[in-house]
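Quick note: numbers below take in every heavy atom, side chains included, and nothing from hydrogens, waters or symmetry partners. Each chain gets a letter, A, B and so on, in the order its sequence line appears, and its residues count up from 1.
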2 protein chains.
Amino acid sequence: MKLEDEIQQRAFKNVYQKAHLNVVFTAGWLQQRLAAAFKPHGLTLPQYNVLRILRGQHPKPATVNLLIERMLDKTSNASRIVDKLEAKQLVTRQICPSNRRAVDIRITEAGLELLRQTESLADGQSQGLHNLTDEEAAQLSDLLDKIRD
Amino acid sequence: MKLEDEIQQRAFKNVYQKAHLNVVFTAGWLQQRLAAAFKPHGLTLPQYNVLRILRGQHPKPATVNLLIERMLDKTSNASRIVDKLEAKQLVTRQICPSNRRAVDIRITEAGLELLRQTESLADGQSQGLHNLTDEEAAQLSDLLDKIRD
DNA sequence: TGGGAACCAATGTTGCGACATATAATGTAT
DNA sequence: ATACATTATATGTCGCAACATTGGTTCCCA
């Protein structure tokens with residue numbers, strides 16, 4: 001669907017304003033679909049992302065600092081996201097013995113199992129981009145990289 | 001900067017996953033810059049967007065329903081965003097005489113003045129996309145439209 | 001070795017998105 | 001006219017982003 005119809009705006013000042021709005025709008029559209037897919041599993045997207053990072057470290061622990069570094073959103077409150085995951089017993093928290101400022105965070109077996117169950121969701125959603133050819137998808141990434149130069 | 005370096009991920013499963021992440025990441029990057037530009041003026045992006053819609057209607061009033069229709073984010077809480085604007089005396093709220101369920105919302109002179117002061121901000125930010133040529137920006141929009149088909 | 005800087009996580013606050021529910025006013029059908 | 005559905009907005013709850021601050025812990029060096 002064309003952007004003009006999605007949002008209620010007739011015209012754009014220029015192609016840059018239009019592209020800007022389109023990036024933001026499309027990102028929201030993608031994230032909303034993905035969040036809806038995870039919702040039945042009781043996971044939000046930030047929680048899912050943290051679990052993925054923890055699985056990547058497993059069986060080694062991660063610290064809050066490491067989570068922040070690895071997360072898309074650097075300014076997010078990793079500590080409180082871990083709170084939620086801990087309440088659901090998907091992760092454990094334990095003061096790091098070698099540095100008592102830090103906290104070792106580990107994914108539990110239940111957490112790993114939940115990731116197994118949701119294995120296909122994220123990939124399946126990325127396939128929503130299959131209306132693009134491989135070449136177009138690569139081109140899109142290049143254009144986006146260029147924006148942030 | 002290349003996406004691989006921005007987020008701490010070596011490889012992507014395929015070009016679709018990479019494009020997906022890139023759209024989301026770039027949108028966040030754009031929105032963050034824009035929000036930072038408005039912050040000194042005491043406006044958040046949702047508040048700014050509501051003010052713009054109200055200016056578009058001015059001197060006619062808008063209702064909450066109309067705001068929701070026009071906003072990028074359909075599920076946002078327009079009512080509470082209007083609360084904040086009203087507290088700052090940038091808008092007025094008045095029960096609609098002809099339909100007492102509805103509420104007439106109008107931008108004040110102070111609101112109009114604030115929009116004048118911030119006139120150049122949004123456009124200036126869209127120009128952050130000027131590392132793209134006109135053609136590339138148009139191409140980007142086309143690719144994004146295609147994703148949502 | 002004592003004291004300040006640097007570090008790590010947690011917590012407090014504000015504003016928003018998502019979603020459910022409440023409340024009031026209006027429309028409609030009998 | 002009364003009952004019921006519909007409409008318009010407001011409110012409550014939860015989770016998150018953004019940002020500031022706090023409280024311990026460790027580091028470092030004078």
Side-chain angles (χ1 to χ4, degrees), chain A residues 24-25 27-51 61-69 71-88 90-105, chain B residues 24-25 27-51 61-69 71-88 90-105:
Chain A
V24 171
F25 182 77
W29 186 85
L30 286 170
Q31 290 289 75
Q32 223 169 336
R33 287 193 340 162
L34 197 52
F38 278 103
K39 189 164 189 184
H41 299 277
L43 275 187
T44 65
L45 291 185
Q47 287 169 16
Y48 169 70
N49 288 323
V50 166
L51 277 189
T63 63
V64 170
N65 257 347
L66 185 139
L67 292 180
I68 292 172
E69 276 171 24
M71 285 198 290
L72 279 193
D73 209 328
K74 307 296 183 203
T75 72
S76 102
N77 290 223
S79 187
R80 277 183 275 232
I81 294 173
V82 172
D83 283 348
K84 302 292 161 56
L85 293 172
E86 194 184 15
K88 288 185 256 195
L90 300 173
V91 310
T92 60
R93 244 201 287 230
Q94 179 191 351
I95 290 173
C96 174
S98 64
N99 179 354
R100 296 191 310 171
R101 287 173 298 188
V103 172
D104 285 344
I105 304 162
Chain B
V24 170
F25 181 77
W29 186 86
L30 286 169
Q31 291 289 75
Q32 223 168 335
R33 287 193 340 163
L34 197 52
F38 279 103
K39 189 165 189 183
H41 298 276
L43 276 187
T44 65
L45 291 185
Q47 288 169 15
Y48 169 70
N49 288 322
V50 166
L51 277 189
T63 62
V64 171
N65 254 350
L66 185 138
L67 293 180
I68 292 173
E69 277 170 23
M71 286 198 291
L72 279 192
D73 210 327
K74 306 298 183 200
T75 72
S76 101
N77 290 228
S79 187
R80 274 184 277 230
I81 294 173
V82 172
D83 284 349
K84 302 291 161 56
L85 294 173
E86 195 184 13
K88 287 184 256 193
L90 300 174
V91 309
T92 60
R93 245 202 284 230
Q94 178 191 351
I95 289 173
C96 173
S98 63
N99 179 353
R100 296 192 309 174
R101 285 172 299 187
V103 172
D104 284 344
I105 304 163

Student: For the atom pair CH2 (B/Trp29) and CG (B/Leu34), what is the distance rounded to the nearest 0.5 Å?
Tutor: 11.0 Å
Student: OP1, OP2 of D/dT7 versus side-chain N and O of B/Asn65: anything below 4.0 Å?
Tutor: no
Student: Find which nucleotide of DNA chain C each of A/Lys39 and A/Ile105 is nearest to by heavy atoms, and output the residue with the more 5' nucleotide.
Tutor: A/Ile105
Student: When you check every protein heavy atom under 4.0 Å of nucleotides 22-28 of chain D, what one-letter string (B, S, -) results, 5' to 3'?
Tutor: --BBS--
Student: Where do A/Pro40 and A/Ala36 come nearest, in terms of heavy atoms and distance?
Tutor: CD-O, 3.1 Å
Student: How far does CD1 of A/Ile81 sit from CG of A/Leu51, to the nearest 0.5 angstrom?
Tutor: 10.5 Å
Student: Kindly state which residues belonging to residues 27-34 of chain B come within less than 4.0 angstrom of DNA chain D, counting heavy atoms of the residue only, listed by number.
Tutor: B/Gln32
Student: Taking ring pair (Phe, Tyr, Trp, His ring centres under 6.0 Å) as the test, write out the residues that go with A/Phe38, two or more places apart.
Tutor: A/Tyr48
Student: Return whichever of A/Ala36 or A/Thr63 has its heavy-atom-nearest nucleotide of DNA chain C closer to the 5' end.
Tutor: A/Thr63
Student: Which residues pass the salt bridge (Lys or Arg N to Asp or Glu O under 4.0 Å) test with B/Asp104, sequence neighbours left out?
Tutor: B/Arg106
Student: Under the rule for side-chain hydrogen bond (donor to acceptor under 3.5 Å, both in side chains), what residues qualify as partners of A/Asn49, not counting sequence neighbours?
Tutor: none
Student: Does any N or O in the side chain of B/Lys74 come within less than 3.5 Å of the main-chain N or O of B/Glu69, such that one atom is a donor and the other an acceptor?
Tutor: yes
Student: Enumerate donor-acceptor pairs with a distance under 3.5 Å from any side-chain N or O in residues 90-101 of chain B to protein atoms, sequence neighbours excluded.
Tutor:
unit_1: B/Arg93; atom_1: NE; unit_2: B/Glu86; atom_2: OE1; d: 3.2
unit_1: B/Arg93; atom_1: NH2; unit_2: B/Asp83; atom_2: OD1; d: 2.1
unit_1: B/Arg93; atom_1: NH2; unit_2: B/Glu86; atom_2: OE1; d: 3.2
unit_1: B/Asn99; atom_1: OD1; unit_2: B/Arg101; atom_2: N; d: 3.1
unit_1: B/Asn99; atom_1: OD1; unit_2: B/Arg101; atom_2: NE; d: 3.2

Student: CG of A/Asn65 to OG1 of A/Thr63: how many Å apart, nearest 0.5 Å?
Tutor: 5.0 Å
Student: Would you name the heavy atoms of B/Ser79 and B/Val64 that are closest together and state the gap between them?
Tutor: N-CG1, 4.3 Å
Student: Chain B on DNA chain C: first and last contacting nucleotide, 5' to 3', under 4.0 Å to a heavy atom?
Tutor: C/dG15 to C/dT26
Student: Protein within reach of the bases, or only the backbone? For nucleotides 11-17 of chain D, mark each nucleotide 5' to 3' as B, S or -, using heavy atoms under 4.0 Å.
Tutor: BBB-SSS
Student: I'd like to check the side-chain contact (heavy atoms from CB on, under 4.5 Å) partners of A/Asp73; sequence neighbours left out, ordered by chain and number.
Tutor: A/Thr75, A/Ser76
Student: Listed by chain and number, what are the side-chain hydrogen bond (donor to acceptor under 3.5 Å, both in side chains) partners of B/Lys88, not counting sequence neighbours?
Tutor: B/Gln47
